[in-house]
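As the structure lists them, so they are numbered: ligands from 1, and atoms in each ligand from 1.
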Amino acid sequence: MAMRRITRRWLYNSFGVILLILIAFEVVFSFGIRSYYYSSVRQTMSAQADYVESLFKKYSQDASADYRSEVRGVVENFSNKDKMELMALDSKGGVVITSSGFDVTETLYMPDFDQAMEQGSGYFQGIINDENVMAITALSEIPDEEFFAIRFVTSLTEIDRQIISLIVLITLIGVAIIFFVVMSSSYFINSIVVPLGQVGQTAQKIARGNFDVRLEKKNDDEIGDLCDVINHMAGELSTTEKLKNDFISSVSHELRTPLTAIKGWAETLSACGPGDGETLEKGMGVIIKETERLSSMVEELLDFSRMQSGRLQLTMDKMDLLAELGDAVLMFTERARRESVSIVYEEPEDLIPVLGDKNRLRQVFINILDNALKYSHAQGVISVTAARRGEAAVVVIADNGDGIRPEDLPKIKTKFYKGNTTRRGSGIGLAVAEEICTMHGGRLDIDSVFGEGTTVTIELPLATKKTEEALLKKSLPEGAPDKKEDLNHE
Ligand code: ADP
């Protein structure tokens with residue numbers, strides 16, 4: 001598998017930086033350790049030179065001693081022979097005697113001696129005869145042609161070996177650190193990359209329509225949160241899917257009922273002939289009523305679709321709210337009487353002027369009253385009140401019917417949601433009603449106690465000079481949207 005992007009990014013960023021730091025450290029350490037070792041060797045040799053020179057001085061001041069043979073003795077019996085070689089040099093750079101005991105006849109390559117001749121003391125470190133050596137030369141303060149200078153030479157081979165083993169050790173530690181970093185990081189990266197891959201796969205399944213899959217939340221971290229969010233999303237999608245299916249089935253059902261009635265009566269009428277006036281009248285009545293129901297349902301669906309696409313428009317005008325409410329109540333009086341439900345409505349004396357779309361607001365009242373009646377029982381009471389409260393007009397429609405379950409209450413205003421699936425209805429009425437109230441700058445609230453009844457409160461801003469200006473500016477010259485066009489569109 002090709003290296004994934006997170007791993008690669010980690011490699012470039014963190015790992016690259018760690019590697020660079022380690023390499024830099026290694027280089028600095030190597031040079032540092034080498035110069036530390038070399039300078040301590042040089043110091044040791046300088047101390048030896050000072051010591052030997054002090055012996056020379058002592059013998060030169062001692063009148064009873066033979067200076068040259070004493071010096072010879074010092075060189076021959078040099079105590080640090082095993083570590084370094086001590087040479088006595090004459091003024092030409094010839095080796096007079098060395099602590100190693102060998103006779104040196106040829107002229108040696110001694111850059112440190114040349115330097116000492118110029119500066120009084122000399123230092124050299126480098127390769128002589130294939131060997132890394134360090135040498136220092138110090139001119140003697142005692143004026144003597146034969147013992148003109150002393151020189152210390154030591155091989156650095158052993159020291160170099162020690163330095164190399166230290167560098168190797170440090171390199172091994174560095175490699176171990178890198179190994180550890182790689183292991184722990186790859187564990188860490190896998191703990192991100194692997195669950196992320198699973199999240200991706202699950203999201204793919206959800207995208208293909210399998211809403212039952214769920215992610216297992218392994219850790220309480222950002223990835224865990226992501227799992228929660230995806231699970232929640234899947235849950236919501238599946239609810240929406242179910243709502244949509246329920247909606248389609250209830251709408252089809254709603255459409256079928258009036259169609260069946262219309263078809264039945266049309267067949268009856270065509271069979272009974274023109275003579276039967278009573279049947280004709282009754283049949284026509286049903287057909288007209290059911291057709292109205294159908295068209296109002298289609299209107300509701302169209303409104304809903306306009307609302308969804310943001311094309312629901314209002315024709316704002318100064319209007320009397322009570323006139324529309326009164327109309328709506330009147331519309332339901334007959335049906336309420338048939339269902340033995342009483343509607344109690346005392347119209348206030350004063351006008352309540354609001355700025356709004358009277359057809360839409362009547363539609364809201366009709367919708368709420370329709371619900372109230374739909375969920376009321378025989379002998380139920382629906383009370384309708386309207387009043388001014390401060391800057392607002394408040395209409396309250398309360399019933400003592402079924403009520404709404406507390407768990408349904410928050411969802412009741414959302415589209416497609418039907419709390420009671422046994423009653424007819426598409427589940428979009430309240431969603432549209434609320435949208436209309438909101439567009440008027442008002443609100444629609446539902447309160448309900450399950451088994452006791454439901455209270456719907458509609459609040460709309462009163463028509464004042466200010467709201468008039470503000471809302472009139474916002475309202476669009478509607479020119480009633482072309483229904484044919486809407487039908488073609490949807
Ligand atoms: P529907 O067309 O199904 O009535 P609504 O959006 O108007 O759609 O209402 C959604 C749901 O709210 C209804 O299915 C019902 O469960 C509940 N509901 C609305 N009004 C009332 C009421 N007055 N009493 C009891 N339940 C109600």
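- With 3.5 Å as the limit, one finds a donor-acceptor pair spanning the side chains of Q363 and D303.
- The I404 neighbourhood of ligand 1 comprises atoms 18 (N), 25 (C), 26 (N), 27 (C), with distances under 4.0 Å to a heavy atom of that residue.
- By the criterion of a heavy-atom distance under 4.0 Å, the side chain of D399, and not its backbone, is placed next to ligand 1.
- Side-chain contact annotation: D160 with Y38, donor-acceptor N/O pair under 3.5 Å present.
- Put simply, no part of G401 is less than 4.0 Å from ligand 1, judged by heavy atoms.
- For the residue pair N132 and Q125, a side-chain donor N or O sits within less than 3.5 Å of a side-chain acceptor on the partner.
- In summary, the atoms of ligand 1 found under 4.0 Å from a heavy atom of I412, numbered by their order in the structure, are 10 (C), 11 (C), 12 (O), 17 (C).
- Around atom 25 (C) of ligand 1, the closest heavy atom drawn from Y375, F304, F247 belongs to Y375.
- Atom numbering of ligand 1 starts at 1 in the shown order; those under 4.0 Å from a heavy atom of K374 are 1 (P), 2 (O), 4 (O).
- Residues N400 and H377 have side chains that never bring a donor and an acceptor to within less than 3.5 angstrom of each other.
- For the 3.5 Å distance criterion, the side chains of T171 and E26 qualify, holding a donor opposite an acceptor.
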